[in-house]
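The structure under discussion is supplied below as structure tokens; questions concerning it will follow.
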Number of protein chains: 2
Amino acid sequence: MKKEALSSSSSGCKTRILAIKDTMEILTGKWKFHIIGSLMLFEKLRFMELLREVDGIGAKMLSKELQDLEMNHLIRRTVLNTKPLTVEYELTDCGRTLGPIIDEIAKWGITYRNTLYHKSETSESLV
Amino acid sequence: MKKEALSSSSSGCKTRILAIKDTMEILTGKWKFHIIGSLMLFEKLRFMELLREVDGIGAKMLSKELQDLEMNHLIRRTVLNTKPLTVEYELTDCGRTLGPIIDEIAKWGITYRNTLYHKSETSESLV
DNA sequence: GAAAGTAGTTTCTTTAAGGAAACTAATACC
DNA sequence: GGTATTAGTTTCCTTAAAGAAACTACTTTC
């Protein structure tokens with residue numbers, strides 16, 4: 001049996017771990033998924049609409065999160081020269097590729113809840 | 001055109017958003033994905049093995065993260081009555097269902113990197 | 001000219017996350 | 001008895017994330 005070896009530094013493992021780290025750094029924080037989810041649903045939203053749509057977020061947070069997402073090319077910010085000046089946010093093509101991740105996460109969350117309910121009846125490890 | 005309405009409180013939207021919140025709360029922090037990923041790769045790992053495997057983590061963090069994961073039924077902790085006493089960690093069935101999420105996230109991270117490289121050549125929005 | 005709506009920014013404060021180092025406690029080896 | 005290993009815990013400290021409230025600046029409506 002090996003002893004000092006182990007360490008997953010083998011082949012694609014490092015790449016994989018890095019890729020996961022990358023993704024999670026980009027999507028970090030309490031609000032990113034919610035903002036992206038809203039933009040997936042509504043296509044285009046203005047700042048004030050997002051502020052109302054993303055339940056509980058404040059202007060400062062929203063502003064910061066939108067900047068983050070824009071820097072990472074996931075959303076596009078367009079200033080419209082309307083009367084009182086409005087700004088439109090929408091997903092880029094790149095941003096839209098997050099669909100499958102968000103689907104998986106939502107799917108898992110729903111299944112997980114159901115699993116817990118059933119498990120709690122029959123015990124399991126439950127503390 | 002609607003004005004005050006909007007608000008995605010429609011049908012399954014709330015459920016979906018809650019499910020995403022649930023999932024992300026369970027998998028929050030810098031280390032959970034890395035720990036789960038390691039356990040997917042190695043099946044069973046002891047505390048010290050995880051400490052070496054999960055690059056950069058400290059004993060306190062590892063201990064806390066393992067407790068979190070165990071509370072959420074994603075991993076199982078087994079004390080073996082070996083000579084100096086060892087503890088074995090492994091994924092539960094529930095923990096193993098995270099596979100697809102982690103795959104999607106890893107896949108996206110890799111694609112995202114490639115996309116950036118190509119976009120940076122042809123410009124895009126790039127700051 | 002006062003009020004309200006647009007899109008934010010600034011300041012100040014609290015809370016959470018994370019890390020380094022030392023420490024406990026049990027056992028085994030020499 | 002001294003050193004090492006296992007699996008953590010405890011203490012102390014720093015940094016990052018988040019939030020509330022007030023404020024800027026411009027325009028439109030009444």
Side-chain angles (χ1 to χ4, degrees), chain A residues 1-6 20-21 24-36 38-39 42 44-72 75-90 127, chain B residues 1-7 21 24-36 38-39 42 44-72 75-90 127:
Chain A
M1 213 185 254
K2 51 191 178 285
K3 189 164 186 189
E4 40 173 344
L6 208 58
I20 292 170
K21 244 172 87 178
M24 294 323 292
E25 263 162 38
I26 289 168
L27 300 176
T28 198
K30 204 175 164 182
W31 302 108
K32 300 250 170 53
F33 277 102
H34 203 143
I35 293 170
I36 293 168
S38 296
L39 288 173
F42 291 106
K44 293 176 184 200
L45 288 172
R46 287 181 288 105
F47 188 84
M48 278 295 145
E49 288 177 327
L50 276 165
L51 208 51
R52 288 185 216 106
E53 182 59 31
V54 180
D55 197 55
I57 201 170
K60 190 190 88 173
M61 263 298 125
L62 180 56
S63 172
K64 198 213 106 203
E65 298 289 69
L66 288 171
Q67 279 170 30
D68 284 0
L69 291 172
E70 197 193 356
M71 275 203 317
N72 288 312
I75 64 171
R76 186 177 303 116
R77 179 182 181 273
T78 317
V79 180
L80 307 173
N81 64 333
T82 49
K83 312 77 175 285
L85 159 65
T86 49
V87 179
E88 217 170 62
Y89 292 92
E90 62 187 316
V127 194
Chain B
M1 215 185 254
K2 53 190 178 278
K3 190 165 186 188
E4 40 173 343
L6 206 60
S7 174
K21 244 172 89 178
M24 295 321 293
E25 264 161 38
I26 288 169
L27 299 177
T28 197
K30 205 172 161 184
W31 302 108
K32 300 248 170 52
F33 278 102
H34 203 143
I35 292 169
I36 294 168
S38 296
L39 288 174
F42 291 106
K44 294 176 183 200
L45 287 172
R46 288 181 287 104
F47 188 85
M48 277 296 144
E49 289 176 325
L50 277 164
L51 208 51
R52 288 185 217 106
E53 182 59 30
V54 180
D55 197 54
I57 201 170
K60 190 191 86 172
M61 264 298 126
L62 180 57
S63 171
K64 198 213 106 204
E65 298 289 67
L66 289 172
Q67 279 171 32
D68 284 1
L69 292 171
E70 197 193 356
M71 274 203 317
N72 288 313
I75 63 170
R76 186 178 302 117
R77 179 179 180 276
T78 317
V79 180
L80 307 172
N81 64 334
T82 48
K83 313 79 177 285
L85 159 64
T86 49
V87 178
E88 215 170 63
Y89 293 93
E90 63 188 316
V127 193

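On a predicted model such as this, the values are computed, not experimentally measured, just so you know. First the proteins, then the strands, lettered A, B, ... as listed; each starts at 1.
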To the nearest angstrom, the CG-C1' distance between Asp68(A) and dA18(D) comes to 13 Å
Minimum heavy-atom distance between Ile75(B) and Tyr89(B), given as atom pair plus value: CD1-CD2, 3.9 Å
Measuring from atom CE of Met24(B) to atom NZ of Lys30(A), what distance do you get when rounded to the nearest 0.5 angstrom? 14.0 Å
Need one value for Gln67(A): base, sugar-phosphate or nothing, where a base atom within 4.0 Å counts as base even if backbone is also close, heavy atoms only. sugar-phosphate
Does a nitrogen or oxygen in the side chain of Lys64(A) sit under 4.0 Å from OP1 or OP2 of dG19(D)? no
Got a second to check how far Leu62(B)'s CG is from Ile57(B)'s CD1, nearest 0.5 Å? 4.5 Å
So which atom in Glu49(B) and which in Lys44(B) form the shortest heavy-atom distance, rounded to 0.1 Å? OE1-O, 4.3 Å
Whole angstrom value for the distance that separates P of dA18(D) from CD of Glu65(A): 6 Å
What I'd like to find out is whether the side chain of Asp68(A) reaches to under 4.5 Å of the side chain of Lys64(A), using heavy atoms alone. yes
Using atom CD of Glu88(B) as one end and atom P of dT6(D) as the other, report the distance to the nearest whole Å. 14 Å
When rounded to the nearest 0.5 angstrom, what is the spacing between NZ in Lys21(B) and CH2 in Trp31(A)? 7.0 Å
For Thr86(B), check side chain to side chain contact (heavy atoms under 4.5 Å, CB included) against everything at least two apart and list the hits. Arg46(B), Leu80(B), Thr82(B)
The residue, Leu85(A) or Trp31(A), whose nearest nucleotide of DNA chain D is more 5′ is Trp31(A)
Nearest-Å distance, CG (Leu66(B)) to P (dA7(D))? 11 Å
Glu25(B) CD to dA18(D) C1': how many Å, rounded? 14 Å
Quick check on DNA chain D: between Tyr89(B) and Thr82(A), whose nearest nucleotide comes earlier from the 5' end? Tyr89(B)
Using a strict heavy-atom distance below 4.0 Å, which residues from residues 55-62 of chain A are in contact with DNA chain C? Ala59(A), Lys60(A)
Without decimals, in angstroms, what is the distance between Phe47(A) CZ and dC26(D) C1'? 16 Å
For Lys32(B) and Thr28(B), the nearest pair of non-hydrogen atoms, with its separation, is NZ-O, 2.7 Å
Starting at the 5' end of DNA chain C and moving along, which residue's nearest nucleotide shows up first, Thr86(A) or Ser63(A)? Thr86(A)
Please find the earliest and latest nucleotides of DNA chain C, in the 5' to 3' direction, that have an atom within less than 4.0 Å of any heavy atom of chain A. dT6(C) to dT11(C)
Atom CG of Leu51(A) and atom C1' of dA21(D): how far apart are they, to the nearest Å? 14 Å
Whole Å only: how far is the CE atom of Met48(A) from the C1' atom of dT27(D)? 14 Å
What are the two closest non-hydrogen atoms of Glu53(A) and Ser38(A), and how far apart are they? CG-OG, 3.5 Å
